Amino acid sequence: YESCPNFRLVDYCSSTGQLLGYQVYWANLTAEKLEWKLGYDLLQTYPSLQRTSGGLTQGDFTELATSLAKGGEEWQTYTNWYKTLLPNDLMTCNTRADLARDSCIRQYLCALTISNSSTFEECAAAYLAESVEDLNVSIEDNEYWTKARNRHWNRVA
């Protein structure tokens, strides 16, 4: 998976179960000694979530998704923590020209907000994605994901 190990310490209301926030802790496996460090606090890191009062709602996360779609500071933070500070595919969105960057980000957001492959394909098509049906590889095959990801990044480059 190529990511540093991490875990979330979740804050919630014990009477309602509503999410209040969380902190992400991580460890660098290349260090001599395993040491857990605070990575980030959800509410302190994402300003669009700071307007909440009494707990986070789906509406709050919709606001975060809207902010991420703009490709600003919150998107940059998200990509940095996507693989716990390791280089990753989402970081390449930040290096593209405006239209290609926006397309790259919005296609990724389709994957976050859509629950099945057909609606994902519809959503991604709106941002110039190509279908992956003609890859000639079964979805169960590990090669499928590599080919699909390579096609995607070549398309938005």
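Here the structure is a predicted model, which is why all the values come from computation and not from measurement.
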* Asked: If you group Ile, Leu, Val, Met, Phe, Trp and Tyr by side-chain heavy-atom gaps below 4.5 Å, do Leu90 and Leu86 land in one group?
  ->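 No: no chain of side-chain contacts under 4.5 Å links Leu90 to Leu86.
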
* Cluster check Leu20, Leu43: I/L/V/M/F/W/Y, side chain < 4.5 angstrom -> no

* **Residue pair Gln18, Thr57: steps toward the side chain to side chain contact (heavy atoms under 4.5 Å, CB included) verdict** => CA-CA 8 Å; Gln18 190 163 19; Thr57 65; 3.6 Å; yes

* Can you name the nearest heavy-atom pair linking Asp11 to Gln23, along with the distance? -> OD2-NE2, 2.9 Å

* **Shortest non-hydrogen contact between Ser3 and Thr84, atoms and distance** => OG-OG1, 3.3 Å

* So which pairs with a foot in residues 39-67 pass ring-ring contact (aromatic ring centres under 6.0 Å, His included), sequence neighbours left out? -> Tyr40-Trp81

Please name all residues satisfying side chain to side chain contact (heavy atoms under 4.5 Å, CB included) with [X], sequence neighbours left out, ordered by chain then number.
X: Ser67; result: Ser48, Glu74
X: Asn80; result: Gln76, Leu85, Met91
X: Gln44; result: Asp41

* **Candidate pair Val24 and Thr45, rule side chain to side chain contact (heavy atoms under 4.5 Å, CB included), full reasoning** => CA-CA 11 Å; Val24 173; Thr45 302; over 6 Å; no

* Tell me the salt bridge (charged side-chain N to carboxylate O under 4.0 Å, His left out) pairs involving residues 50-64, sequence neighbours left out? ->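 Passing the test, one end in residues 50-64: Arg51-Glu63.
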
* Got Lys83 and Pro87 here, is their nearest side-chain heavy-atom distance under 4.5 Å? ->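 Heavy-atom side-chain distance check fails, nothing below 4.5 Å.
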
* Asked: Can you find a heavy atom in the side chain of Ile105 that is under 4.5 Å from one in the side chain of Leu68?
  ->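 Not in contact.
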
* Candidate pair Glu73 and Thr77, rule side-chain hydrogen bond (donor to acceptor under 3.5 Å, both in side chains), full reasoning -> CA-CA 6 Å; Glu73 188 175 322; Thr77 299; 5.2 Å; no

* Asked: Between Tyr82 and Tyr78, how do the two ring planes meet: parallel, tilted or perpendicular, split at 30° and 60°?
  ->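 Rings of Tyr82 and Tyr78: tilted, 30 to 60°.
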
* Using atom types as modelled and distance alone, determine if a side-chain donor or acceptor of Asn88 lies under 3.5 Å from a backbone N or O of Thr79. => yes

* Could you go step by step and tell me if Asn94 and Trp75 meet the side chain to side chain contact (heavy atoms under 4.5 Å, CB included) rule? -> CA-CA 9 Å; Asn94 302 328; Trp75 171 258; 2.8 Å; yes

* Structure fact -> Output for pair (Leu42 CG, Gln50 CD), nearest 0.5 Å, gives 9.5 Å

* Remaining members of Phe7's ILVMFWY cluster at a side-chain heavy-atom cut-off under 4.5 Å? ->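 Listed partners: Leu9, Tyr25, Leu29, Leu34, Trp36, Leu38.
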
